[in-house]
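Take a look at the structure below.
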Protein chains: 2
Amino acid sequence: MAATLHDVARVAGVSFKTVSNVINNHPHVRDSTRAKVEEAIAALGYRPNLTARSLRSGHTGAVTLAVPQLRLPYFAELADAVIDAAAKHGLVVLIEQTGGERERELEVMSSPRLKMSDGLIFSPLGMGQEDAELVKADVPVVLLGERIFSSGCDHITMQNVAAARAATEHLLDLGRQRIAVIGAHEGEVIGSAGLRMRGYREALEARNIPYDDAIVGYMWSWHRANGAAAMRELLERGVEFDAVFGLNDTLAQGAMRVLQEAGYRVPDDLAVIGFDDLDETRYSLPTLSTVDPGRDEIAETAIRVLMERIKNPDGGAPREIETAFRVVGRESTLGRNNSGANEPGPSDPNR
Amino acid sequence: MAATLHDVARVAGVSFKTVSNVINNHPHVRDSTRAKVEEAIAALGYRPNLTARSLRSGHTGAVTLAVPQLRLPYFAELADAVIDAAAKHGLVVLIEQTGGERERELEVMSSPRLKMSDGLIFSPLGMGQEDAELVKADVPVVLLGERIFSSGCDHITMQNVAAARAATEHLLDLGRQRIAVIGAHEGEVIGSAGLRMRGYREALEARNIPYDDAIVGYMWSWHRANGAAAMRELLERGVEFDAVFGLNDTLAQGAMRVLQEAGYRVPDDLAVIGFDDLDETRYSLPTLSTVDPGRDEIAETAIRVLMERIKNPDGGAPREIETAFRVVGRESTLGRNNSGANEPGPSDPNR
DNA sequence: GCTCCATTTTACAACGTTGAATGCTTGAAC
DNA sequence: GTTCAAGCATTCAACGTTGTAAAATGGAGC
């Protein structure tokens with residue numbers, strides 16, 4: 001059995017509370033006593049029992065991260081960033097996979113095991129705006145993404161509209177006029193797809209280019225295979241376009257693959273841009289231009305905001321935070337008037 | 001403040017222990033009492049305090065998974081599988097990233113916060129065989145991978161040698177004779193690289209094909225960029241080869257990209273195979289043949305073995321378990337005498 | 001040598017739960 | 001109407017820690 005404060009105290013010849021005082025760096029511990037205790041701690045290999053500490057102190061030093069699936073690269077990279085950000089503050093991360101199912105998402109928030117952590121970073125996919133009031137848990141929640149706004153808890157989101165607009169403008173700047181879209185969601189307004197479409201349309205409007213639904217590929221799911229399928233459909237439709245905006249990188253990769261199979265050259269015949277700046281976009285053939293939506297910033301901000309909220313649960317109104325983005329030009333949009341330089345986006349960290 | 005057993009008891013008009021009995025499905029609780037208590041539980045929205053339960057019962061219902069980085073797709077998919085497997089048994093997963101650094105790996109094992117979980121699934125990268133005795137923690141450990149054997153704890157590994165041999169044979173069966181390798185580790189014998197190289201050499205020997213170090217690309221790190229770099233080096237070297245075995249999928253993808261850039265057609269000019277069966281291999285251009293090393297089986301077995309060991313820490317000698325593998329033929333090795341069919345590998349779950 | 005204060009240490013009571021042991025009901029058997 | 005044994009419910013003591021308050025120690029001042 002592991003050593004306890006009492007064991008250490010017995011060996012050091014002091015009371016167990018003194019040992020506790022040493023461990024917690026309390027003032028008023030004589031140096032000689034401290035030395036004696038530390039010796040005993042080392043001798044016994046004592047390690048504090050965090051469960052007991054949690055029970056007593058009321059906090060656990062862990063945070064929960066709930067995401068759809070880690071096998072989706074976006075969420076794997078997000079989780080990676082969250083774990084690193086948490087580690088910097090001495091927190092561990094406990095991960096729940098929801099599969100993007102509304103029911104599981106609700107379950108995660110009401111599960112008693114959420115209380116094994118001090119807070120929840122929650123990236124819903126199945127729940128939507130109509131569920132805003134259901135975003136309630138026994139611990140502070142930081143919401144990620146654009147599925148739900150005004151839920152009453154802190155919310156961090158990327159600038160979907162502005163970033164998608166910038167991506168579209170990046171293509172327009174290459175002289176492309178007929179920009180196909182992959183991954184739109186029929187009738188959606190407020191999700192990632194809807195917002196990015198809005199940015200796309202704004203960019204077109206600003207240049208008086210008519211919106212054409214014929215070059216928009218609707219696709220509910222955003223896996224690579226869906227990008228491929230949507231692109232095949234567009235090709236079969238026989239419509240013309242000179243660029244493709246994948247609403248995420250995975251879709252863009254799938255689309256790009258189909259284009260190449262069909263004999264098109266990227267970027268010469270068709271320029272392609274994605275969204276997310278996944279690691280893999282650096283290694284595709286050609287490398288994929290994309291938008292970095294500020295994933296690291298999202299992770300770090302989420303941890304920071306959550307910690308503040310844990311420390312002070314009633315610390316002011318819920319915050320809506322948008323992260324800075326940046327268009328990352330790579331080979332898939334290389335052109336005559338474009339050397340692949342990065343275009344910084346505006347930073348608006350606390351709107 | 002959240003409701004406790006005592007609050008529920010007060011509302012239900014019984015002693016708090018009776019409430020505990022109801023929650024834990026103890027026998028000898030009258031139906032009428034049970035109903036009363038359940039009503040009170042619902043009315044108060046009572047949720048058991050898992051921290052207190054852990055302290056009292058000595059187990060937490062969580063397991064720790066320590067991996068190098070989630071942004072490496074292999075580990076993201078492994079973590080995904082582990083979380084799903086754990087969820088089936090009602091366990092949560094707590095993830096630690098070691099960055100593959102030996103020091104961090106040792107730290108994870110000796111950290112007091114490991115005790116926030118009941119066991120550790122540990123995938124070391126920085127530690128090696130010489131550290132076998134250091135694999136010790138306050139909780140049961142299940143070791144994954146091939147960096148360390150005979151550590152005294154349960155160990156689950158893929159059949160690297162046999163699987164790599166099968167992958168090589170898959171290429172040989174296409175009539176390829178000069179199979180380049182990407183990602184070998186100079187002088188390594190026991191790690192993934194060393195074992196897969198052994199499988200490669202065994203396959204060659206069995207067919208009396210001489211081993212040629214000139215078509216082996218050494219590369220310590222296994223990211224996409226490294227696969228690309230190794231392949232560029234091989235091409236510059238001017239050596240001839242008609243197939244490529246990437247010691248993992250990521251390397252193979254990087255290598256394949258460089259080959260295509262250089263004007264080679266895959267699989268016509270060069271067949272390429274990887275290792276790991278990452279999701280993305282299904283979507284590259286061409287789709288990448290690979291070896292499924294049994295990742296889901298690894299995850300499920302790890303959870304099962306760990307649970308057994310948690311329940312019964314002295315339950316017999318440590319086990320060495322190997323998972324079944326299977327060669328997955330895709331477009332990158334499509335040939336005349338090969339329709340891309342899958343070739344099952346032997347199952348040897350309990351050697 | 002005694003008092004007094006500051007410093008250091010200790011005792012005690014929580015935190016919310018479960019297991020062991022004990023006490024109280026109830027209905028059936030005598 | 002007792003007695004007895006289940007069946008049911010309760011009391012008590014942990015689990016290992018930290019905060020509070022009280023006690024001990026020690027050195028300075030008289």
Side-chain angles (χ1 to χ4, degrees), chain A residues 1-41 44-62 111-118 138-139, chain B residues 1-41 44-62 111-118 138-139:
Chain A
M1 202 49 206
T4 73
L5 283 181
H6 291 84
D7 300 325
V8 175
R10 194 157 9 83
V11 170
V14 296
S15 90
F16 77 98
K17 187 58 226 274
T18 301
V19 180
S20 167
N21 289 339
V22 169
I23 288 164
N24 294 72
N25 282 315
H26 275 206
H28 308 321
V29 177
R30 202 176 305 164
D31 284 349
S32 63
T33 318
R34 179 181 299 278
K36 237 184 350 186
V37 169
E38 275 165 354
E39 202 176 321
I41 287 176
L44 291 173
Y46 166 78
R47 275 192 260 292
N49 179 322
L50 295 195
T51 303
R53 183 177 286 178
S54 295
L55 175 59
R56 179 61 235 228
S57 68
H59 54 255
T60 64
S111 161
R113 73 186 184 191
L114 187 55
K115 282 300 281 295
M116 283 177 51
S117 63
D118 299 330
D138 292 340
V139 296
Chain B
M1 202 51 203
T4 73
L5 283 183
H6 291 84
D7 301 323
V8 176
R10 193 155 11 81
V11 170
V14 296
S15 90
F16 77 98
K17 187 58 225 273
T18 302
V19 180
S20 168
N21 289 340
V22 169
I23 288 163
N24 294 73
N25 281 316
H26 276 208
H28 308 322
V29 177
R30 202 176 309 169
D31 283 348
S32 62
T33 318
R34 181 181 300 277
K36 234 181 359 182
V37 169
E38 275 166 355
E39 202 177 319
I41 288 176
L44 291 173
Y46 167 78
R47 278 192 256 293
N49 179 322
L50 294 193
T51 304
R53 183 178 285 178
S54 294
L55 175 58
R56 177 64 234 229
S57 67
H59 54 256
T60 64
S111 161
R113 71 186 185 190
L114 188 54
K115 282 301 280 298
M116 283 178 50
S117 64
D118 300 330
D138 292 340
V139 295

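The sequence lines fix the lettering, A, B, ..., with proteins before strands; numbering per chain opens at 1.
Within the structure, salt bridge (Lys or Arg N to Asp or Glu O under 4.0 Å) pairs that include any residue of residues 20-34 of chain A do not occur (at least two apart or interchain). The stretch residues 10-24 of chain B participates, sequence neighbours left out, in these salt bridge (Lys or Arg N to Asp or Glu O under 4.0 Å) pairs: B/Asp7-B/Arg10. Pairs engaging residues 45-60 of chain B under the side chain to side chain donor-acceptor pair (under 3.5 Å) rule: A/Asp138-B/Arg47, B/Thr60-B/Asp118 [sequence neighbours left out].
Residue-level contact check: A/His26 touches the backbone only, with heavy atoms under 4.0 Å from sugar-phosphate atoms and none from bases. Residue contacts shown for A/Ser20 include a base, since a base heavy atom lies under 4.0 Å away.
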Between the protein and nucleotides 8-10 of chain C, list the N/O to N/O atom pairs that are separated by less than 3.5 angstrom.
{"unit_1": "C/dT9", "atom_1": "OP1", "unit_2": "A/Thr33", "atom_2": "OG1", "d": "2.1"}
{"unit_1": "C/dT9", "atom_1": "OP2", "unit_2": "A/Arg30", "atom_2": "N", "d": "3.1"}
{"unit_1": "C/dT10", "atom_1": "OP1", "unit_2": "A/Ser15", "atom_2": "N", "d": "3.4"}
{"unit_1": "C/dT10", "atom_1": "OP2", "unit_2": "A/Ser15", "atom_2": "N", "d": "2.7"}
{"unit_1": "C/dT10", "atom_1": "OP2", "unit_2": "A/Ser15", "atom_2": "OG", "d": "3.2"}
{"unit_1": "C/dT10", "atom_1": "OP2", "unit_2": "A/Thr18", "atom_2": "OG1", "d": "2.5"}

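Shown here for A/Ala52 and B/Leu55, the closest heavy-atom pair between the two residues is CB-CD1, 3.7 Å.
Contacts of B/His26 classified as side-chain hydrogen bond (donor to acceptor under 3.5 Å, both in side chains), with partners at least two apart in sequence or in another chain: B/Asn21.
An end-to-end axis angle of 60° holds for the helix from C/dG1-D/dC30 to C/dC30-D/dG1, taken from five base pairs per end and rounded to 10°.
Following rounding to the nearest Å, B/His6 (NE2) and D/dT10 (C1') show an atom-to-atom distance of 12 Å. Atoms CZ (A/Arg47) and C1' (D/dG16) sit 16 Å apart, rounded to a whole Å. Atom CZ of B/Arg53 is separated from atom C1' of C/dT17 by 8 Å (rounded to the nearest Å). If you take CG of B/Asn49 and C1' of C/dG16, they are 5 Å apart, rounded to a whole angstrom. Going from atom CG of A/Leu5 over to atom P of D/dT18 covers 6 Å, rounded to whole Å.
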